[in-house]
Structure formats: structure tokens, C-alpha cells
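Let me begin by presenting the structure, written as C-alpha cells, before commenting on it.
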Amino acid sequence: MAKVKKTFFCKNCGHESAKWLGCCPACGEWNTFVEEIISKPTTSAVGINNSNSQAQLIGDIDFSHELRINLNSAEINRILGGGLVCGSMVLVGGEPGIGKSTLSLQIALNCPNLKTLYISGEESAQQIKIRATRLGANDAQCYILSETLLETIIMQTKEIKPDILIIDSIQTLYTERIDSSAGSISQIRDCAMQLLKFAKETDTPVFVIGHITKDGTLAGPKVLEHIVDVVLQFEGDNNHAYRILRATKNRFGSTAETGIFEMQHNGLREIENPSEILISQHNDSSFSGVAIAATMDGIRPLFIETQSLVSTAAYGVPQRSTTGIDVRRLNMLLAVLEKRAGFRLAMKDVFFNITGGLRISDTAADMAIVSSVLSSNFDIPIPINCCFCAEVGLTGEFRPVSHVNQRINEAARLNFKKIFISKYNKLEDKQPSSIEIIPVAKIEELMKIIFRKT
Ligand SMILES: Nc1ncnc2c1ncn2[C@@H]1O[C@H](COP(=O)(O)OP(=O)(O)O)[C@@H](O)[C@H]1O
Ligand SMILES: [Mg+2]
């Protein structure tokens with residue numbers, strides 16, 4: 001019988017140690033060591049090189065063949081930086097039930113003229129078939145394999161030679177090289193390394209689904225995120241059908257890109273014009289406390305509705321509550337309002353919401369947030385054909401934002417009649433004629449123009 005060998009691994013970074021340690025010497029985290037049984041030693045680390053590799057001049061490297069595979073989805077292509085790079089490894093993480101399996105099966109089924117292999121360690125072939133029927137499966141060249149042993153998977157993949165390999169999920173795989181149970185740190189690390197080696201050697205792109213832990217990070221060692229080329233995070237709100245796919249790491253494209261999807265009974269539908277669904281289409285402007293912010297989502301303008309409710313505080317300490325933005329940002333903006341606009345906050349509760357369950361971090365939404373708070377406080381509605389984009393400084397001035405011309409063009413396209421921007425923003429000479437651009441320097445000026453208050 002093989003000698004049972006035990007080692008300790010750091011749950012955070014995958015550092016290996018012969019004995020238990022309180023603090024990981026590699027990443028500095030406390031209490032992260034867990035014991036795992038390894039009867040077969042993790043021999044030579046699996047890399048992407050073979051022994052007879054030679055250094056080449058960069059000019060001599062041949063890349064005449066098509067480098068990127070066009071997936072039949074504009075949003076996913078854009079997030080990946082213009083298509084799926086051959087030989088790349090993409091890790092998709094997300095909460096349980098968010099739609100990772102749906103997304104990857106949809107990718108597998110919707111690629112015309114491509115052979116795909118979908119491997120599931122969580123569901124049987126029949127269960128995948130049920131989902132495929134729900135997604136409206138056509139006669140796609142999609143092979144299904146329900147398997148968890150990595151060696152069998154690689155053998156099957158070499159036989160079928162798919163153009164895209166999809167693994168659902170890395171936590172269910174195990175390799176014979178190691179004796180610890182599937183999902184353990186050493187198993188995940190070794191399986192990921194072997195898949196990476198396979199991807200680079202055969203130039204096959206590999207999609208890998210990863211589970212996340214309770215605190216929202218990808219389960220398994222940190223090296224998993226280091227070795228893959230792209231990490232996609234699939235997020236959403238349980239109360240909303242909207243799902244957001246964003247790249248947190250991308251070796252072949254920008255990480256500023258996000259894609260918005262809607263979960264429907266027949267799968268995930270791409271939303272090409274998110275602004276149109278995020279802004280409620282009131283015909284009249286009878287609601288106070290609503291302002292439209294012209295934010296950017298990567299390089300794409302995204303118009304969102306901000307809502308505030310200011311009411312008299314019932315208890316001693318006023319309440320501040322936000323959804324969609326950081327509560328500290330709201331507190332800062334309220335402090336600026338108090339100082340610069342004489343807005344008495346000590347006796348007021350302020351509730352703030354961004355519709356659609358989105359979270360934003362673009363500071364260009366500041367002006368809209370401030371306007372919605374003021375609108376609710378005065379109970380004066382803001383005309384529905386106005387939108388706002390400027391950052392608020394601590395001195396109460398409106399600061400310029402990036403991509404202002406793109407935001408103005410999008411506002412004109414969405415039929416807004418007025419856009420309030422910072423006075424200090426540089427504009428292009430040519431602007432759309434259908435929209436009035438109103439430059440504002442300070443909060444006092446904005447109050448005068450919109451609410452006629454001095
Ligand atoms: N018939 C249906 N109609 C609408 N949504 C569905 C239907 N069946 C499943 N879903 C959605 O799909 C989700 C499950 O997706 P799945 O890809 O299995 O998630 P994951 O793999 O991330 O755990 C469910 O949470 C539900 O929102
Ligand atoms: Mg799943």
C-alpha cells in the first residue's frame with residue numbers, strides 16, 4: 001500500500017507546508033491552513049512547456065491562423081476583448097443558481113460551425129438535455145460528457161478534438177495523481193494546471209466554471225486566478241432577473257467591460273441597450289426625488305435612474321440607507337450639501353436607491369444623486385427630459401468627468417432634451433443639436449436653475 005502522506009495547504013494562496021502554521025508565510029493570512037492527504041506526491045509541477053522548447057525571436061513567431069473565435073454573442077465577445085482567444089483558459093465564477101451552467105451551455109449550443117464539448121461533473125447527461133431543450137437546442141455540434149475524472153476527460157477531449165472545451169465545474173474534478181478528495185486545494189490546483197497545459201498545447205480554448213465561497217471570492221487557491229487568462233464574474237440580485245457579467249482579469253482585453261443579461265425561461269437574453277430598460281418610462285414628471293445619471297460602464301454609456309426619499313427623522317439619529325452605491329459616498333455628498341447649500345440634514349432620514357438592482361461606482365453620478373436628494377427635499381420634480389453627469393468635489397464645485405462627449409451623444413439618442421455637465425469639461429466643437437448642454441459650476445447654481453432656490 002502506498003504510504004499515506006499528509007501535508008497542509010493554505011486555503012488562500014495554496015502554499016504547501018509539512019506542518020500546520022497559524023500564519024501563512026506566503027500570503028500573511030491567519031488560520032488558513034488545512035490538512036490534506038496525498039499518497040502520490042505532486043511530482044513535477046505541470047507547466048506549459050515541454051523539454052525541447054527553444055527561445056524564438058519575437059518577429060519569427062508565427063500567428064498566421066485565426067487567433068480569436070467568434071462566439072455567437074456580441075456581449076460575451078466584447079467582454080472577452082473581441083472573441084475567445086485560442087488556447088486561452090477562462091474562469092467563470094458566481095453564486096449558486098446565478099446561471100453559470102446556463103451561460104456556458106448556451107455558449108456551447110450557440111456556436112455555429114464549431115464543435116464543442118461540455119463536461120459536467122454536477123449534472124447527468126439527461127439533466128443537461130432538459131436544460132438544452134429549455135434553451136431551444138438546435139442541431140448544434142455539442143458533445144456532452146458527465147464525468148469527474150480528469151484523465152478520462154482529457155482522453156475523451158483528445159478523441160473528440162473540440163473547438164471549445166467547457167468544464168462545469170473545476171471543484172468537482174479530481175485527478176488520479178493526488179489522493180485527496182475532489183474540491184480540495186491540491187486537487188483544484190493540479191486539475192487546473194493539467195487543463196492549462198492541455199489548452200496551451202492543443203490551442204483549444206477552455207471555459208472553466210468555479211464556485212465561490214461565502215464571502216464572494218472564488219473557491220480554491222488563489223493560484224487558480226493567477227494561472228487562467230481571463231476571470232469572469234457573474235453577478236446579480238436574487239430579486240431581479242438582470243445578471244451582470246464582468247471581467248475581473250483579462251490578458252487579452254479590457255476589464256472595464258461588462259455585459260448585462262436577463263434570465264428568462266428560455267435562457268439568458270442579452271440586453272443591448274440597458275439604458276432603455278433601466279430608466280422607467282414615465283410620461284409625466286410628477287415624481288419628486290428622481291434624477292437620471294449619465295454614467296459609463298467600461299466604454300459604454302449607461303443611463304440609470306437614481307431615487308431619493310428625504311423625510312423627517314422619527315428617532316434621534318437620522319437614518320441613511322443606500323442600495324446601489326456606497327453609503328459613505330452618500331454621506332459625503334450630504335455633508336457637502338449641508339455645508340454648501342444650507343441643507344439641514346440633522347433632522348432628516350435619507351434613503352437612496354438605484355433602480356434595476358445595479359451597483360455603480362462611477363463618480364459622474366454624483367450630480368444626479370445630489371439633484372434627486374434636493375428634489376425630494378423640496379418636493380419639486382425634476383423634468384423627466386433632463387440628465388446629469390458631473391462629479392461633486394468637497395468644495396461643492398462640479399468637477400469634469402471622462403468621456404463627456406460620448407455621454408452627450410447617448411443622451412441625445414435616448415431623447416433627453418437637457419444634460420447638465422460640469423462647467424470645466426472640455427467639449428468637442430460639434431455637438432448634437434437636439435439636446436441643450438447646460439454647464440454648471442457649483443451646487444448653488446444648480447439649485448437656482450432647477451429648483452429656483454437661492
Ligand atoms: N424555467 C425557467 N424559467 C426561468 N428561469 C429559470 C428556469 N429554470 C432555471 N431558471 C434560472 O436558472 C437558474 C439556474 O441556473 P444554473 O445555470 O443552474 O446556475 P448555476 O450553474 O450558476 O448554479 C435558476 O436560479 C433560475 O433563475
Ligand atoms: Mg451549475
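Read the numbers this way: they start at 1 and go in the same order the structure lists the ligands and their atoms.
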Who's the nearest protein heavy-atom neighbour of [atom], and how far?
atom: atom 12 (O) of ligand 1; value: Met263 CE, 3.2 Å
atom: atom 24 (C) of ligand 1; value: Gly97 O, 3.6 Å
atom: atom 7 (C) of ligand 1; value: Arg134 NH1, 3.3 Å
atom: atom 18 (O) of ligand 1; value: Arg131 NH2, 2.8 Å
atom: atom 4 (C) of ligand 1; value: His265 CA, 3.5 Å

Minimum side-chain heavy-atom gap Thr32-Glu29 below 4.5 Å: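 Side chain of Thr32 against side chain of Glu29, heavy atoms only: contact under 4.5 Å found.
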Residue pair Ser73, Glu270: steps toward the side chain to side chain donor-acceptor pair (under 3.5 Å) verdict: CA-CA 8 Å; Ser73 157; Glu270 294 177 16; 2.5 Å; yes
Anything under 3.5 Å between a donor and an acceptor, one on a side chain of residues 88-98, the other on a protein residue two or more places apart or in another chain? List them.
unit_1 : atom_1 : unit_2 : atom_2 : d
Ser88  : OG     : Val85  : O      : 2.7

Ligand 1-proximal atoms of Ser101, by part, heavy-atom distance under 4.0 Å: both
Ligand 1-proximal atoms of Lys100, by part, heavy-atom distance under 4.0 Å: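 The part of Lys100 near ligand 1 is both the backbone and the side chain.
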Main-chain N/O of Ile178 paired with Gln187 side-chain donor or acceptor, under 3.5 Å: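 Flag set: sc Gln187 to bb Ile178 pair under 3.5 Å.
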Residue pairs, two or more places apart or on separate chains, that pass side-chain hydrogen bond (donor to acceptor under 3.5 Å, both in side chains) and touch residues 225-234: Lys200-Asp229, Asp229-Arg251
Residues Gln141, Thr116; criterion side chain to side chain donor-acceptor pair (under 3.5 Å); working and verdict: CA-CA 6 Å; Gln141 278 208 66; Thr116 52; over 6 Å; no
Short side-chain donor-acceptor distance under 3.5 Å, Thr255 and Asn250: no
Sole candidate of Gln171, His211, Gln127 that passes side chain to side chain donor-acceptor pair (under 3.5 Å) when paired with Glu122: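 The single option meeting the side chain to side chain donor-acceptor pair (under 3.5 Å) with Glu122 is His211.
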Atom indices of ligand 1, in the order listed, that fall short of 4.0 Å to a heavy atom of Thr102: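 Here the atoms of ligand 1 in question are 15 (O), 16 (P), 17 (O).
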Which of the ligand 1 atoms, numbered from 1, are nearer than 4.0 Å to a heavy atom of Gln264: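 Near Gln264, meaning under 4.0 Å from one of its heavy atoms, ligand 1 has 4 (C), 5 (N).
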Glu122 to ligand 1, any heavy atom closer than 4.0 Å: no
Centroid separation Phe420 to Phe388 less than 6.0 Å: yes
Any N or O of Leu103 closer than 3.5 Å to N or O of ligand 1: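 So ligand 1 has no N or O lying under 3.5 Å from an N or O of Leu103.
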N/O separation below 3.5 Å, Gly99 to ligand 1: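 Checking ligand 1 against Gly99, an N or O pair does fall under 3.5 Å apart.
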Heavy atom of protein closer than 4.0 angstrom to atom 2 (C) of ligand 1: yes
The Mg ion (ligand 2) - number of protein N/O/S atoms closer than 2.8 Å: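 Step by step: take the Mg ion (ligand 2), keep protein N, O, S below 2.8 Å, and you get 1.
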Mind listing the side-chain donor-acceptor pairs of residues 153-167 below 3.5 Å, one per line with the distance, residues two or more places apart or on another chain?
unit_1 : atom_1 : unit_2 : atom_2 : d
Thr157 : OG1    : Ile153 : O      : 2.5
Asp163 : OD2    : Lys115 : N      : 2.8

Note: Asp168-Lys100 ion pair, threshold 4.0 Å (strictly below):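 Salt bridge between Asp168 and Lys100, a charged N being under 4.0 Å from a carboxylate O: no.
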Mutual orientation of the aromatic rings belonging to Phe261 and Phe234 [parallel < 30°, tilted 30-60°, perpendicular > 60°]: perpendicular
